[in-house]
Amino acid sequence: MTLRLVYDEIRLGVRQACDALGYPATEFDLSEASRPEFGDVSCNAGFLLAKALKKRPFDIAQALAIQYKKNLGTYVSEASAHDSGYLNFTANYELFTPQVIHSSLRANYGAVDLGKNSKMVIEHTSVNPNKALHVGHVRNVIVGDTIARILHKASYDTSVLNYVDDSGLQVADIIVGFKYGGYSDKAPEGQKFDHYCGDVVYVKITERYETDKALAEMRSHVLKELEEGTSEIAKFGDDLTRRVLEEQLKTCWRLGVTYDCLNFESQIVRSNLWTIAFEKMKSMGITELEKEGKLAGCWVIKYESEEEDKVLVRSNGTATYIAKDIPYAAWKLGILEDPFHYKQYAVQNTDRVLWQTTLDEKDTKMHFAGDRVITVIDSRQSRLQKLITKIMSDFKSKPDSYVHLGYESVTLSPETAKTLDLDTGGKSVQMSGRKGIYVSADYVLDVLSSRTFEEAKKRNPELDEMVLVKISEQVAIGALRYTMIKQDLDKIITFDLTESLSLEGDTGPYIQYAHARAMRILEKSGKTLNFETSLDGIDTVYEKDLAKIIGKFDLQVEDAAKNLSPKIIAKYCYQLAVSFNAFYEHVKVLTADSESVINARLCLVYSFKETLAKALQLLGIDAPDRM
RNA sequence: GGACCCGUAGCACAGCUUGGAUAGUGCGGACGCUUGCGGAGCGUCAGGUCGUGGGUUCGAGUCCCCCCGGGCCCGCCA
């Protein structure tokens, strides 16, 4: 039983009332009442019928309310018309609250069956393996991970992929650095290898290209060797990228993010996927050999919707970079025969196996492809992604099987830029790995973690150091993950280091704190909760509001999954915490008047705690028992 | 030149998909709340011509168009 049932009952009841009054059928909407004094659910049927019936919305709502009240049903206690024309309903909380509490005890509470167990592939992270993750990458990682968690809750059978671009220009850059630039391929003591590669080798070698043309030429040479994959350089590169990748993954795992498979670009290049995809495109007429003009001799993709033709194969016969993206996208959708074998890369969180692609026939066969694919990439790539979406919908002859989930970038605030010795004249600045303008994810986590450690220690001086470290890490990750998810994907996040340390207001720690408070009440009560007795006597506005919000968890999951909008769950967690804090402040639990009320309130607190923990889990945020 | 995104209080955002009831929240500012289940909390107040102009509608922050401001993308690079 959740709020959904109340909606369903009202929808049916209003339809019946319309029929009884002889009103025409109409697709009215039910929505949450905008203010508490309007009740719980509002219906706009009055407005919609006004024209057809030539009556005022209020009169229609009034008639409907009277008709509806002849049979109030189970979960509605009041139906009334408002002057504005809305038809408002109030839930029957005597019944609703205990039933919501019972429902919320289910392990899979909040789950919805949108996906029907269909295969869904989510690709995210996909950071070039030549540097450490910075806060811009973190947005990708967290958005992707949260979407995967939400879709899993919505009954999709999800596979999470991380694409490793180990044969690209950025990797070539650091190889040049190590092989020809004189940099040691060991990081200095105390520095992670990915940081060393990004902070030192990548940035410095890029600077040196400016003056050292010979070095710059080595880059294209190295790139060619990487693609061919047989030389000593390629072997060196392979070893190198795996060392960087290992460090990058440590950062992701620290954030609570796990994957199912690592897809190496070098293997896509060395497999036959491209040849097959190219033939398919030719036979479908997606690409044509240009006969004249400036693109003469190139295979190009022509789409009327695009103003420019896109070169797929150069006049010298070599393929452009989309020749890597197209077969990979097709592979993700299971359109092409899978040339890969798979072997175990690691075990994450004690039980989740991370696989990796191989071209070794001795390894096993697996299936990671999906009926639908979501690719999480920065919206700066939406031009290319639009093209791939189009090609995939032609391949699959289903328009929405490939989805580019774009998001705006993370920029650095002028104050934070200053800490990197950058004067931006009061404007925020785009991060750039190449130019060394970024704040690394590990650094932010470390700073946050030590800040939260101080705070936790102050509050819990008696707790063991190791316990405090664990709590502060949970809170630090909660803080970072929440800031990355709470606002809309198409809004730029201006990252400010000082601001990110805030633990008050609309933040992850605020929400976690509500959970810790609830936990402490339950602990302190020392009681075994009795859910089987009548849970009445909890009828203050605070308790009703809390029950209502607990009761709409599944509706929020559905909304978030349908719209691929992780912030909906973030807002929901915040709403839960706000409602609980109001309850906490105004309603006494342990010192309530009677044992039965104490029990009922404890049950509500337990229900809240469980629901918040489940919702936070969708955000990959731990719910600490104390903090 | 063309494509896409953003513009709502001092700052950061929600609300726009599906048009209706006094436009919400956080930070910052002012003031208050703890012998009580933990103050990472709660409460009160101040602060908004929803970028401009037009259109559609009984009704527009929400839909349509023009314009203005900001961002970002547009290679036989990857």
Side-chain angles (χ1 to χ4, degrees), chain A residues 27 29 31 33-35 37-38 42 44 46-48 50-51 56-57 82-86 88 128 165 167-172 220 223 265 290 294-300 305-308 310-316 318 320-322 324-325 378-384 386 406 408-409 411 427-428 430 452 455-456 458-460 475 479 486-494 496 499 502-514 516-518 520-525 562-563 565 567 571 574-575 577-578 581-582 584-592 601-602 605 626-627:
Chain A
E27 280 304 311
D29 277 326
S31 57
S34 59
R35 316 174 73 80
E37 61 263 35
F38 298 148
S42 298
N44 66 350
F47 300 111
L48 300 180
K51 189 172 260 181
R56 290 163 55 211
H82 185 269
D83 290 342
S84 61
Y86 272 108
N88 293 326
N128 279 305
D165 182 359
S167 61
L169 210 53
Q170 297 201 14
V171 165
S220 32
L223 193 62
E265 180 175 276
E290 197 72 17
K294 60 176 184 171
L295 298 181
C298 299
W299 286 89
V300 298
S305 54
E306 298 296 310
E307 62 270 27
E308 300 249 349
K310 188 79 202 162
V311 174
L312 186 64
V313 177
R314 301 183 190 96
S315 52
N316 68 5
T318 59
T320 60
Y321 70 103
I322 33 176
K324 296 171 183 176
D325 287 325
D378 194 325
S379 57
R380 281 177 291 195
Q381 303 224 32
S382 43
R383 191 181 205 80
L384 166 68
K386 199 173 136 199
E408 272 293 344
S409 53
T411 63
K427 291 172 81 175
S428 53
Q430 281 288 336
T452 50
E455 196 69 31
K458 214 185 300 171
R459 291 157 193 276
N460 302 281
V475 176
K486 75 166 174 176
Q487 75 199 47
D488 206 83
L489 296 179
D490 48 26
K491 247 157 192 154
I492 295 169
I493 293 180
T494 306
D496 184 87
E499 208 175 285
S502 163
L503 311 173
E504 291 160 23
D506 187 5
T507 65
Y510 169 92
I511 297 166
Q512 290 172 310
Y513 183 63
R517 282 179 136 183
R520 295 292 279 159
I521 292 179
L522 294 168
E523 277 174 18
K524 216 151 211 180
S525 78
K562 272 186 180 161
N563 296 300
S565 180
K567 76 168 178 210
K571 298 275 163 222
Y574 181 64
Q575 216 182 350
V578 166
N581 277 332
Y584 183 91
E585 200 70 22
H586 300 280
V587 182
K588 296 300 166 206
V589 177
L590 299 181
T591 54
R601 285 184 178 159
L602 283 171
V605 170
R626 52 194 305 175
M627 56 189 275

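Order of the sequence lines sets the chain letters (A, B, ...), proteins ahead of strands, with each chain counted from 1. Owing to the predicted nature of the structure, the values given are computational and were not obtained by experimental measurement.
- At distances below 3.5 Å, not a single donor-acceptor pair connects side-chain atoms of A/R626 with backbone N or O atoms of A/R520.
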**OP:** Represent RNA chain B in dot-bracket notation, 5' to 3'. Only Watson-Crick or G-U wobble pairs with both distances under 3.5 Å count; pseudoknot-style crossings use [ ] and interstrand partners use |.
**Re:** ((.((((..((((......[...)))).(((((.......))))).....(.(((..]....))).))))).))....

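- Remark: P of B/rC27 and CD of A/E499 are 11 Å apart, rounded to the nearest angstrom.
- Between the side chain of A/K324 and the backbone N or O of A/D165, no donor-acceptor pair lies under 3.5 Å.
- Between the side chain of A/Q487 and the main chain of A/I492, a donor-acceptor pair closer than 3.5 Å is present.
- Considering only heavy atoms from C-beta on, A/R56 stays 4.5 Å or farther from A/D83 through its side chain.
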**OP:** With side chain to side chain contact (heavy atoms under 4.5 Å, CB included) as the test, would you mind laying out the steps for A/S31 and A/D29 before giving the verdict?
**Re:** CA-CA 6 Å; A/S31 57; A/D29 277 326; 5.8 Å; no

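- Among all heavy-atom pairs drawn from A/I322 and A/V311, the shortest one is CD1-O, 3.7 Å.
- Taking atom CD of A/E408 as the reference point, atom C1' of B/rC73 lies 11 Å away to the nearest angstrom.
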Polar atom pairs between nucleotides 44-46 of chain B and protein, under 3.5 Å, N or O only, would you list them?
none

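- A gap of 15 Å separates the P atoms of B/rC65 and B/rU18, to the nearest Å.
- Atom pair A/K427:NZ and B/rG70:C1' shows a separation of 8 Å (rounding to whole Å applied).
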Polar atoms only, N or O, under 3.5 Å: list the protein pairs with nucleotides 29-37 of chain B and their distances.
from	atom 1	to	atom 2	distance (Å)
B/rC37	O2'	A/Y584	OH	3.4
B/rC37	O2	A/L590	N	3.4
B/rC37	N3	A/V589	N	3.1
B/rC37	N4	A/Y584	O	2.7
B/rC37	N4	A/V587	O	2.2

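- In terms of modelled atom types and a separation under 3.5 Å, the side chain of A/D490 and the main chain of A/E408 share no donor-acceptor contact.
- For the C1' atoms, the distance from B/rC67 to B/rG54 is 10 Å, rounded to whole Å.
- Straight-line distance between the C1' atoms of B/rG20 and B/rC4: roughly 32 Å, to the nearest whole Å.
- Taking the P atom of each, B/rG29 and B/rG1 are spaced 45 Å apart, rounded to whole Å.
- When side chains are defined from C-beta on, A/K567 does not count as touching A/K491, because their heavy atoms never get closer than 4.5 Å.
- Comparing the P positions of B/rU34 and B/rU8 gives a spacing of 39 Å, expressed to the nearest Å.
- Scanning both residues, A/S315 and A/C298, for their nearest heavy atoms gives N-SG, 3.6 Å.
- One atom, CG of A/D378, and another, P of B/rC72, lie 11 Å apart when rounded to the nearest Å.
- Side-chain atoms of A/N316 and A/T318 form a donor-acceptor pair, as typed in the model, at a separation below 3.5 Å.
- Rounded to whole angstrom, the span from the CG atom of A/D490 across to the P atom of B/rC73 amounts to 17 Å.
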Show each protein N/O and nucleotides 76-78 of chain B N/O combination with a separation under 3.5 Å, one pair to a line.
from	atom 1	to	atom 2	distance (Å)
B/rC76	O3'	A/R314	NE	3.3
B/rC76	O2	A/S315	N	3.4
B/rC76	O2	A/S315	OG	3.2
B/rC76	N3	A/S315	OG	2.8
B/rC76	N4	A/K294	O	2.8
B/rC77	OP2	A/R314	NE	3.2
B/rC77	O3'	A/R314	NH2	3.3
B/rA78	OP1	A/R314	NH2	2.3
B/rA78	OP2	A/R314	NH2	2.5
B/rA78	O3'	A/K324	NZ	3.1
B/rA78	N6	A/Y321	OH	2.6

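- A distance-only check finds no donor-acceptor pair linking the side chain of A/N44 to the backbone of A/F47 [under 3.5 Å].
- Atoms CD (A/Q512) and C1' (B/rG41) sit 15 Å apart, rounded to a whole Å.
- Rounded to a whole angstrom, the distance from the C1' atom of B/rC64 to that of B/rG19 is 13 Å.
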**OP:** At under 4.0 Å between heavy atoms, which parts of nucleotides 13-24 of chain B does protein reach? Answer with one letter per nucleotide, 5' to 3': B base, S sugar-phosphate only, - none.
**Re:** SSS-BB-BBB-S

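- A distance-only check finds no donor-acceptor pair linking the side chain of A/T320 to the backbone of A/V313 [under 3.5 Å].
- The separation of B/rG32 from B/rG39, taken at their C1' atoms, amounts to 13 Å, rounded to a whole angstrom.
- Using a 3.5 Å distance cut-off with no hydrogens or angles, the side chains of A/N581 and A/Y513 do not pair a donor with an acceptor.
- Ring planes of A/Y510 and A/Y574: tilted class, angle from 30 to 60°.
- Counting any heavy atom pair closer than 4.0 Å across all strands shown, A/E455 reaches a base atom.
- Atom NZ in A/K51 sits roughly 5 Å away from atom P in B/rC58 (whole-Å rounding).
- The separation of B/rG71 from B/rG59, taken at their P atoms, amounts to 38 Å, rounded to a whole angstrom.
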Original post:
Where do A/I521 and A/L590 land on the side chain to side chain contact (heavy atoms under 4.5 Å, CB included) test, with the steps shown first?
Top reply: CA-CA 8 Å; A/I521 292 179; A/L590 299 181; 4.2 Å; yes

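- Contacts of A/L169 classified as side-chain contact (heavy atoms from CB on, under 4.5 Å), with partners at least two apart in sequence or in another chain: A/R219, A/L223.
- Summarising the local packing, CD of A/E27 is surrounded by 12 or fewer heavy atoms from other residues, nucleotides or ligands at distances under 6.0 Å.
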